[in-house]
2 protein chains.
Amino acid sequence: MAIKVHGSAFSIAVMRVFACLNEKGLEYEFVRVDMRAGEHTKEPFLSLNPFGQVPAFEDGDLKLFESRAVNQYIAHAYADKGNPLICQDPRKMAIVSLWMEVEAQKYDAPAAKLTRELIIKPLLGMSTDDAIVEEQEVQLAKVLDVYEARLAQSKYLGGDSFSLADLHHLPTMNYLIGTRVKAVFDAHPHVSSWCADILARPAWQKVVAMKNNQRL
Amino acid sequence: MAIKVHGSAFSIAVMRVFACLNEKGLEYEFVRVDMRAGEHTKEPFLSLNPFGQVPAFEDGDLKLFESRAVNQYIAHAYADKGNPLICQDPRKMAIVSLWMEVEAQKYDAPAAKLTRELIIKPLLGMSTDDAIVEEQEVQLAKVLDVYEARLAQSKYLGGDSFSLADLHHLPTMNYLIGTRVKAVFDAHPHVSSWCADILARPAWQKVVAMKNNQRL
């Protein structure tokens, strides 16, 4: 197979790429990286991603990393396959790009910190820091206030159709909705409906099933 | 004029958009936002950017925010004007996107924190926190180690040509090169040459001149 994703099925960045590949209906090989053994911090992995983070991605001789860049590549290079995740019109695409940047610059920091405290640290036998959880819930709520106003006007963040701007939220959303942070999402009715909608997508459910079938 | 940029000429995100508009040779109206008076945290500015941050951008009836999304729009919508800042080939563009993500996800955090401590806080009469400076210099150096290896193989981050991946670094680079952090850049010879090259671009020099002609 031409497409390979190197990483762990528990990684939010790896799940982001799987979700995109599934939306496009593309086949790929999952190359498991043993992160508990630190394989991502050593060669040969560092030749694929010099920052030592998963995922690393290959499509034939093209080698990429950074999950959001990988997904933009997939969405553009395989524009004619599966579900469209971008727009061809530059003005419509600008709105999608704007909300992709909002996810990366505003939503991701509190969502990733909450996922680390409430999911990853317990998985690794470490203790959750409640002060960080409370602080980051406040930050996340501020971001979701803006999302609530947006989603009152627009079915999806980037416009009328599901796009990468929505998809990039799925991994942390999926983890957090199973924790106390669900209350933060649920305090925003349009956000809550949007979460239920995008989490139910078959492409995403395949990612969840894959994670659930893996050992840590 | 159709294009308007709302913000402060001292803001790194605003300067990023000015640099892109200048590379494209586009005319634009600069609408000054008095950030010391908190104009960005109130209406009518919040209608342009609900997060209350500069810049906000208008091109006719299209309203955007998030500087990196604005620049992607400009580069795509005005692809035939001025200097090309993106690639049409999806595989080449994937490499540009990868390094754009690296800037946003890896370089920007230490660079922006250092700019805040060493430039913005002194401008506002606040004290620099030396512990933050030392910690962030270490983080920046780790990122520049990866850049050094990349720039030993490639003239620019995204490939043979200057692109948005390089341009997005300019505002913090320009500020930091005038501080003690210059030594961190200079410890990386290929990075240092790249900085000198991109800082000398006429489009960037126009941004610097504009800032120097503004009151805070």
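Here is the naming used below: chain letters follow the sequence lines, and residue numbers restart at 1 for every chain. Here the structure is a predicted model, which means the values were calculated and not measured.
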Check every N and O of chain A against chain B and note each donor-acceptor pair under 3.5 Å, with its distance.
| unit_1 | atom_1 | unit_2 | atom_2 | d |
| --- | --- | --- | --- | --- |
| A:Q53 | OE1 | B:K106 | NZ | 2.9 |
| A:D59 | O | B:R91 | NH2 | 3.0 |
| A:D61 | OD1 | B:R91 | NH2 | 2.9 |
| A:E66 | OE2 | B:K106 | NZ | 2.7 |
| A:Y73 | OH | B:R91 | NH1 | 3.4 |
| A:R91 | NH1 | B:Y73 | OH | 3.4 |
| A:R91 | NH2 | B:D59 | O | 3.0 |
| A:R91 | NH2 | B:D61 | OD1 | 2.8 |
| A:K106 | NZ | B:Q53 | OE1 | 2.9 |
| A:K106 | NZ | B:E66 | OE2 | 2.7 |

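- If you tally non-hydrogen atom pairs under 4.5 Å between each of A:A104, A:A79, A:A69, A:P50 and chain B, the highest count goes to A:A69.
- Residue contact with chain B, scored on non-hydrogen atoms closer than 4.5 Å, involves the backbone and the side chain of A:V102 alike.
- Between A:L62 and B:A94 the shortest heavy-atom distance is CD2-CB, 4.3 Å.
- In this structure, B:L98 and A:V70 have side chains that are not in contact, with every pair of non-hydrogen atoms separated by 4.5 Å or more.
- When the side chain to side chain contact (heavy atoms under 4.5 Å, CB included) test is applied to A:P84, no partner is found at least two apart in sequence or on another chain.
- Residues B:F51 and A:V143 come closest through the heavy atom pair CE2-CA, 4.3 Å.
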